[in-house]
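Written out below as structure tokens is the structure these notes cover.
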Amino acid sequence: MIAYVRNKDILGEIYLPSDELNNKIGIVWLPGLPNKPTTPDMGQPLADLGFTVLQARYPGNWQSYGSFGPGSSVAGALMGVELLLKGNALNLNNEEMISWEVDHIILIGSSYGGGIAVSALGSSNLVSAAVAFCPLLDPSQQNINKNLPEDNLAT
């Protein structure tokens, strides 16, 4: 089941596993930039394997409220953790309450999201683990070497 949910400043999709397959592990997916915030080809297959997956938008980005930046992105990741641990939310698509059960939370992110996952893990005792794919850990070093230009991100 997919639902559109909100916690404070963040909005996002939540993929719920069937009761029979629920492994009680919640995943907060943290995308890189300028990628789209959702990856249905990842969310639904993980839910089919028993994971509860939240693909939330960062504050101030992709329909969420607030100001965008690294600090607010970490705060947004932690709002996602709070939402999963709460175990229920209003599905904004149909205004019906939905519920789920998780015992552990894992943060997963790539690039910018990988850096946010690592930072949020260090900021909370509510998170069991983080998986960071190619994390951007020091943005000040991005494109510092002019001999190794980054691809044009405008497209």
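Numbering starts at 1 and runs along the sequence shown.
- Judged as a salt bridge (charged side-chain N to carboxylate O under 4.0 Å, His left out), not a single pair has a partner in residues 83-95 (not counting sequence neighbours).
- Contacts of S18 classified as side-chain contact (heavy atoms from CB on, under 4.5 Å), with partners at least two apart in sequence or in another chain: E20, L21.
- When all heavy atoms of G60 and F68 are compared, the pair lying nearest together is O-CB, 3.7 Å.
- Here the CG atom belonging to L85 is positioned 10.0 Å from the CH2 atom belonging to W100, to the nearest 0.5 angstrom.
- Each salt bridge (charged side-chain N to carboxylate O under 4.0 Å, His left out) pair with one or both residues in residues 102-120, not counting sequence neighbours, would appear here, but there are none.
- Nearest heavy-atom pair across G114 and A132 is O-CB, 3.7 Å.
- N91 contributes no side-chain N or O that, together with a main-chain N or O of A3, makes up a donor-acceptor pair within less than 3.5 Å.
- Note on I105 and L16: same hydrophobic cluster, where clusters join Ile, Leu, Val, Met, Phe, Trp and Tyr whose side-chain heavy atoms are under 4.5 Å apart, directly or indirectly.
- By the criterion of side-chain heavy atoms lying less than 4.5 angstrom apart, applied directly or through intervening Ile, Leu, Val, Met, Phe, Trp or Tyr residues, L83 is grouped together with V102 in one hydrophobic cluster.
- In the hydrophobic clustering of ILVMFWY residues, with side-chain heavy atoms under 4.5 Å counting as a link, L107 and F133 come out apart.
- Y112 and Y58 have perpendicular rings, their planes meeting at more than 60° on a 0 to 90° scale where under 30° would count as parallel.
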Anything under 3.5 Å between a donor and an acceptor, one on a side chain of residues 116-130, the other on a protein residue two or more places apart or in another chain? List them.
residue, atom, partner, partner atom, Å
S119, OG, G115, O, 3.0
S123, OG, S119, O, 2.8
S124, OG, L126, N, 2.9
S128, OG, H104, ND1, 3.2

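- V28 and I106 fall into different hydrophobic clusters, where Ile, Leu, Val, Met, Phe, Trp and Tyr side chains are chained together by heavy-atom contacts under 4.5 Å.
- The stretch residues 21-31 participates, sequence neighbours left out, in these side chain to side chain donor-acceptor pair (under 3.5 Å) pairs: K24-E101.
- Within the model, atoms CD1 of I25 and CG of L84 stand 12.0 Å from one another, a figure rounded to the nearest 0.5 Å.
- Applying the side chain to side chain donor-acceptor pair (under 3.5 Å) criterion to K8, with sequence neighbours excluded, gives E82.
- Considering every non-hydrogen atom in both G80 and I10, the closest pair reads N-CD1, 3.5 Å.
- Grouped with Y4 in one hydrophobic cluster are L11, Y65, L90, L92, M97, the linkage being side-chain heavy-atom contacts under 4.5 Å among Ile, Leu, Val, Met, Phe, Trp and Tyr residues.
- Judged as a salt bridge (charged side-chain N to carboxylate O under 4.0 Å, His left out), not a single pair has a partner in residues 63-77 (not counting sequence neighbours).
- Among pairs with a residue in residues 121-134, none fulfils salt bridge (charged side-chain N to carboxylate O under 4.0 Å, His left out), at least two apart in sequence or across chains.
- Sorted by first then second residue, the side chain to side chain donor-acceptor pair (under 3.5 Å) pairs that include residues 44-57, not counting sequence neighbours, are E13-R57, T39-Q55, Q44-D48, R57-Q63.
- Residues P59 and S73 share a closest heavy-atom pair of CD-CA, 4.3 Å.
- V5 and L46 end up in different hydrophobic clusters when Ile, Leu, Val, Met, Phe, Trp and Tyr side chains are linked at under 4.5 Å.
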